[in-house]
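We count residues from 1, following the sequence as given. Here the structure is a predicted model, which is why all the values come from computation and not from measurement. In each ligand, atom 1 is the first atom listed, and ligand 1 is the first ligand listed.
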Amino acid sequence: MVFHDVLIIGGGLAGLRAAIEASKNGLNVAVISKVYPVRSHSVAAQGGINAALKSNDNWEDHAYDTVKGSDYLGDQDAIEIMCKEAPEDIRELERMGAVFSRDADGDIAQRPFGGAGFPRTCYLADRTGHGLLHLMFEQIRKYEVTVYPEWFVTDLIVEDNIARGAIALEMLTGRFHRLHAGALIMATGGYGRVFGITTNALTNTGDGMGLALRAGAPLMDMEFVQFHPTTLKRTGILITEAARGEGGYLLNSKGERFMKSYAPNAMELASRDVVSRAEQTEINEGRDINGCVYLDLRHLGREKILERLPQIRDISISFAGVDPIEEPIPIRPGMHYSMGGIMTDKDGKTPVEGLFAAGESACVSVHGANRLGGNSLLETIVFGRRAGQSVTEYCSGSKVAAFPKSALQDATRKAAMIFERDAGVKSSELLERVNSAMMECCGVFRTEEKMKEGLDRVRAVREDLPKVTLTDKGNVFNMELAGVYELEHIVDLAESILLGAIHRKESRGSHTRLEYPKRDDKDWMKHTLIYKDGPEMRIDHKDVTVTRFEPKERKY
Ligand SMILES: Cc1cc2nc3c(=O)[nH]c(=O)nc-3n(C[C@H](O)[C@H](O)[C@H](O)COP(=O)(O)OP(=O)(O)OC[C@H]3O[C@@H](n4cnc5c(N)ncnc54)[C@H](O)[C@@H]3O)c2cc1C
């Protein structure tokens with residue numbers, strides 16, 4: 001039997017930052033991750049991380065840009081904390097050894113990013129996540145954190161609304177284990193794979209949100225799904241916003257910089273929801289190039305592209321056959337980020353005692369209806385640290401108690417049942433059905449009719465879940481078995497996104513309803529909560545916290 005003060009589920013930036021904090025405070029900390037931690041999706045982050053570092057910038061302006069970007073749905077008290085604490089967190093990362101790109105004076109360089117009134121995005125070329133995640137992984141070695149790499153959490157154990165631990169499948173052996181903990185932190189990242197075309201890693205199946213929902217914690221603002229304006233056509237691979245931050249243009253088939261009709265001031269650097277809608281309108285109205293528009297970097301010149309955007313050049317050559325030094329890159333909007341997630345307070349607490357969440361799996365909410373680029377890496381660091389701090393306070397009063405062995409037996413029995421089923425349907429077929437329903441029915445522009453069709457299609461997949469069979473009956477690295485658990489979460493999350501989106505009768509941030517084209521602060525200035533206390537999901541609401549920025553119309 002294994003006991004830890006705190007078990008952190010997820011080895012991305014949020015999980016590792018929380019681990020450092022809790023461990024520094026003397027707790028016995030373990031991190032469990034279904035992939036080796038440095039393969040977490042954080043490693044793929046390209047463009048950078050925001051903080052008001054310069055003397056002519058300030059955290060209040062960062063907060064204003066974030067609130068405006070969120071279309072006034074973000075909670076302003078949480079946003080203030082994030083923006084105020086950001087500079088010290090960046091300096092701490094630098095002291096730990098982060099190799100930030102530098103400006104001519106030798107200070108941390110900062111580039112302009114979408115929706116920001118000041119160039120405040122710090123970066124490590126276009127490999128920011130790679131640099132930071134390896135740094136964090138190296139740091140947890142120093143603090144003697146236990147790591148369970150390639151262990152897949154299948155169940156959370158919650159008794160009388162108190163978190164007690166988790167059941168996990170060790171991928172190497174196929175054995176299930178019981179892990180007892182005084183507290184759990186969910187740091188399981190986003191759910192991009194609910195959609196067929198996404199910038200997200202194959203591992204981003206939203207497991208933590210699904211697990212928390214079943215354990216009694218509500219999900220918040222699930223209808224807000226970010227579509228990034230610049231993703232490659234077939235694969236959905238991301239071309240960072242930094243490409244526009246460094247001066248890239250968007251062109252339609254007539255060679256026009258079409259953003260002048262949609263955001264005459266900010267142009268290509270309007271917030272992501274605005275740019276994605278503009279591109280989709282150009283595509284829908286026939287000013288496209290084979291379903292795409294162009295991202296043109298040629299005028300930046302060879303030297304700048306090689307210095308600031310080397311990975312973007314590699315990706316464009318390898319996956320689109322285009323060298324951006326010579327030709328424009330065909331791009332279109334693609335699913336990128338989960339604004340919604342497990343509802344937490346400013347210290348990562350959920351309504352389930354001892355269950356905390358941080359990073360993309362959580363909804364604090366600092367992004368509201370639309371996240372600004374560079375604010376998500378920041379959220380992982382600020383709120384990962386804060387969750388590590390508040391779990392320390394929680395653990396000082398709680399004792400790790402053993403939960404019954406029956407939980408382990410139930411998990412083993414469920415897997416055995418899936419193995420034994422002979423005839424049925426493959427989970428990959430069911431996944432494809434959810435993916436296409438979400439792409440066709442819940443994209444950049446939404447209508448009630450299509451979303452209801454999507455909901456019917458997702459619920460039909462739910463009915464087929466008990467028929468899933470495996471072709472791989474082995475125990476060693478059975479990814480197909482893990483895929484069944486992931487699919488169950490994907491179905492829950494797809495349903496919660498559609499329910500929230502059908503329910504919200506207005507357009508705000510990333511959520512654009514053709515029947516309700518305007519934002520409606522009178523009726524909808526509130527968060528959507530989704531609960532699953534029985535077989536059905538239930539919707540509730542929570543007020544938005546407004547501190548200093550009164551809602552007004554957004555213009556870029
Ligand atoms: C291509 C790309 C580029 C991006 N670029 C930027 C950027 O430049 N700036 C920015 O601010 N944001 C960016 N983002 C967003 C940002 O990278 C993410 O929101 C952030 O890194 C998420 O970190 P996390 O720690 O919450 O989760 P992740 O890094 O996704 O880690 C999740 C962890 O949970 C574990 N896990 C999940 N399920 C289970 C389970 N069932 N059992 C055990 N372990 C589990 C995984 O193994 C993993 O370790 C980008 C995102 C993408 C996809």
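- Using a 4.0 angstrom heavy-atom cutoff, Leu13 counts as in contact with ligand 1.
- Considering backbone and side-chain atoms alike, Gly11 places an N or O below 3.5 Å from some N or O of ligand 1.
- A salt bridge is defined here as a Lys NZ or Arg NE, NH1 or NH2 lying under 4.0 Å from an Asp or Glu carboxylate O, and Arg214 with Asp155 fails to meet this definition.
- Nearest residue to atom 18 (C) of ligand 1 from Met136, Glu360, Glu241, Met186 is Glu360 (criterion: closest heavy atom).
- With atom 20 (C) of ligand 1 as the reference point, the heavy atom nearest to it among Ala18, Gly341, Ser42 is part of Ser42.
- For Val35, heavy-atom contacts with ligand 1 shorter than 4.0 Å involve the backbone as well as the side chain.
- Using a 4.0 Å cut-off between charged nitrogen and carboxylate oxygen, Arg272 and Glu241 count as a salt-bridge pair.
- Comment: Glu94 engages Arg102 in a salt bridge, judged by a side-chain N to carboxylate O separation of less than 4.0 angstrom.
- In His228, neither the side chain nor the backbone holds a heavy atom less than 4.0 Å from any atom of ligand 1.
- Every atom of ligand 1 is numbered from 1 in the order shown, and the set under 4.0 Å from a heavy atom of Gly374 is 9 (N), 10 (C), 11 (O).
- The proximity of Leu238 to ligand 1, defined as any non-hydrogen pair under 4.0 Å, is limited to the side chain.
- With Gly359, Ser40, Ser338 as candidates, the residue nearest to atom 48 (C) of ligand 1 on a non-hydrogen basis is Ser40.
- For atom 34 (O) of ligand 1, the choice among Gly373, Gly10, Ala357 with the nearest heavy atom turns out to be Gly10.
- For Glu268 (side chain) and Leu250 (main-chain N/O), a donor-acceptor pair under 3.5 Å exists by modelled atom type.
- The protein non-hydrogen atom at the shortest distance from atom 51 (C) of ligand 1 is His41 NE2, 3.3 Å.
- Salt bridge annotation for Asp207-Lys34: present, with a cationic side-chain nitrogen under 4.0 angstrom from a carboxylate oxygen.
- Relative to atom 27 (O) of ligand 1, the option among Gly208, Ala358, Gly189 with the closest non-hydrogen atom is Gly189.
- In Arg39, neither the side chain nor the backbone holds a heavy atom less than 4.0 Å from any atom of ligand 1.
- Scanning the protein for heavy atoms near atom 44 (N) of ligand 1, the closest one is Lys34 N, 3.0 Å.
- Atoms of ligand 1 lying under 4.0 Å from at least one heavy atom of Ala187, given by number and element, are 32 (C), 33 (C), 34 (O).
- At a heavy-atom distance under 4.0 Å, only backbone atoms of Trp151 (N, CA, C or O) approach ligand 1.
- The backbone and the side chain of Thr199 each have at least one atom closer than 4.0 Å to an atom of ligand 1 (non-hydrogen atoms only).
- Backbone and side-chain nitrogen or oxygen atoms of Asn200 are examined, and none is located within less than 3.5 angstrom of a nitrogen or oxygen of ligand 1.
- With Asn478 contributing its side chain and Gly174 its backbone, the two residues share no donor-acceptor pair below 3.5 Å.
- Contacts between Asn375 and ligand 1 below 4.0 angstrom, taking non-hydrogen atoms only, involve the backbone exclusively.
- For Thr392 and Asn25, the side-chain atoms include at least one donor-acceptor pair closer than 3.5 Å.
- Residue contacts with ligand 1: Ile49 is excluded, as none of its non-hydrogen atoms falls under 4.0 Å.
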